[in-house]
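One structure is given here, and the rest of the page talks about it.
Throughout, residue positions are numbered sequentially from 1 according to the sequence presented. Computed from heavy atoms alone, side chains included, the values below leave out hydrogens, waters and symmetry copies. In each ligand, atom 1 is the first atom listed, and ligand 1 is the first ligand listed. The shown structure was predicted, so the numbers you read here are calculated from the model rather than taken from an experiment.
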Amino acid sequence: MSQHPETRAIRIQTPRTAQKEHATPLFLTSSFVYDKAEDMAAAFEDDNLDVNIYSRFSNPTVDEFIAKIASLEGAEDGVATGTGMAAVFSTFMTFLSAGDHILSASAVFGSTHSILTKYLPKWGITSDYFDMNKPESIEALIKPHTKMLYLETPSNPGLDIIDIEYVAGICKQKGILLVVDNCFATPAVQQPLALGADLVIHSATKFIDGQGRVLGGVVVGRKELIYPLYLFIRNTGPSMSPFNAWVLTKSLETLHLRMEKHASNALALAKHFQNHPQLSWVKYPYLDTHPQHAVAVKQMSNGGGIVTFEIKGGVEKGRTFLNSLKMLSMTNNLGDSRSIASHPASTTHSKLSEAERAAVGITPGLIRISVGLEHVSDIIADIEQALEVCK
Ligand SMILES: *Cc1c(COP(=O)(O)O)cnc(C)c1O
């Protein structure tokens with residue numbers, strides 16, 4: 001019988017050295033040596049993936065991180081990259097060619113938008129967007145040359161949720177690759193491959209690290225899809241640093257514990273502020289007022305660690321709210337043990353017009369809280385006092 005995910009996140013390991021160290025060894029080495037010229041020749045033979053050659057190709061510390069995350073996502077194999085965006089870009093470059101079309105959810109990460117609109121067109125790859133809240137509109141948007149469907153669920157920062165199994169059904173029927181950015185949920189909460197996705201992408205920078213220390217990315221899926229992706233990364237170089245992999249493989253040991261606590265804190269916070277007079281609405285996947293609550297409960301084991309709300313008084317009150325916080329950090333990262341508040345309309349998305357912001361689900365007073373692991377009463381108290389200032 002296979003072990004539980006919590007156990008695999010701790011016990012999966014690459015072979016230890018002759019020192020028999022208990023913890024994961026950190027192989028900070030750019031290359032690996034050979035005893036004989038014949039061994040070196042064999043290492044360079046095609047398809048010899050068993051021998052480490054150079055850390056741009058593979059590295060035992062990075063391999064341990066990949067083995068763990070692939071196991072947690074129920075994937076055959078994976079690749080690791082220096083950042084989440086390197087994972088997204090490498091996936092596009094490996095599977096799309098000139099003339100291909102990608103259908104993407106409109107509510108995707110800002111830099112993913114930039115790749116779709118500013119860079120892919122330079123290579124003759126076009127894209128269209130679909131609305132996460134209208135899954136029934138997807139089929140009509142698929143073109144004969146559509147190769148890939150791309151989405152994030154829950155989305156950032158709108159927390160829109162889509163039924164992965166339903167979208168996977170359409171993709172299977174049309175022969176399109178379904179790629180899911182699982183960054184907000186993590187494999188501790190949602191496993192898109194089991195619901196029919198072909199590839200899962202993560203920014204490991206967020207909940208996977210969980211402590212705001214390093215950047216990283218990962219893609220997992222079937223061996224036949226991972227192999228060309230591995231070759232792309234090996235040849236073009238967006239590989240993960242062994243040091244970052246060493247941090248991240250240790251992080252995975254506490255992922256399930258952390259996600260349970262992030263989620264219970266987030267649910268308590270969402271419920272506490274649900275009817276607050278200063279807020280027009282509060283959004284959280286596991287609140288029954290979330291428009292896709294039924295889908296969230298079906299495909300996620302908890303609601304995750306992000307809560308959003310709309311503060312009455314728009315952009316100005318949003319800024320006042322941030323300035324009034326005493327404990328929560330003001331930063332654009334998320335998925336940290338420290339609770340974080342951000343106000344996209346006055347910061348990350350301030351250069352867009354109000355209409356452009358509305359199109360990606362960002363309202364003027366939208367506050368995104370990445371609920372951390374502090375005592376929930378302290379997080380609530382800080383938000384409460386900042387809302388008092390906004391009166
Ligand atoms: C942060 C993020 C990314 C990009 O990851 P980096 O590690 O910052 O490159 C991609 N998708 C989502 C949903 C994210 O939150």
For ligand 1, output the ligand-protein N/O contacts shorter than 3.5 angstrom; if there are none, return none.
unit_1	atom_1	unit_2	atom_2	d
ligand 1	5 (O)	S203	OG	3.0
ligand 1	7 (O)	G84	N	2.9
ligand 1	7 (O)	S203	OG	2.8
ligand 1	7 (O)	T205	OG1	2.6
ligand 1	9 (O)	G84	N	3.1
ligand 1	9 (O)	M85	N	2.9
ligand 1	11 (N)	D181	OD2	2.7
ligand 1	15 (O)	K206	NZ	2.7

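For S370 (side chain) and L334 (main-chain N/O), no donor-acceptor pair under 3.5 Å exists by modelled atom type. Judged by distance alone, the side chain of E356 and the main-chain N or O of S353 form a donor-acceptor pair under 3.5 Å.
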Quiz: residues 91-98 side-chain donor-acceptor pairs under 3.5 angstrom, not counting sequence neighbours:
unit_1	atom_1	unit_2	atom_2	d
T91	OG1	A87	O	2.7
T94	OG1	S90	O	2.7

Distance-only donor-acceptor hits, side chain of residues 137-144, under 3.5 Å, sequence neighbours excluded:
unit_1	atom_1	unit_2	atom_2	d
S137	OG	K134	O	2.7
K143	NZ	D128	OD2	3.3

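A search for salt bridge (Lys or Arg N to Asp or Glu O under 4.0 Å) contacts involving E38 returns nothing, not counting sequence neighbours.
In this structure, a donor-acceptor pair under 3.5 Å is present between the side chains of H202 and E73.
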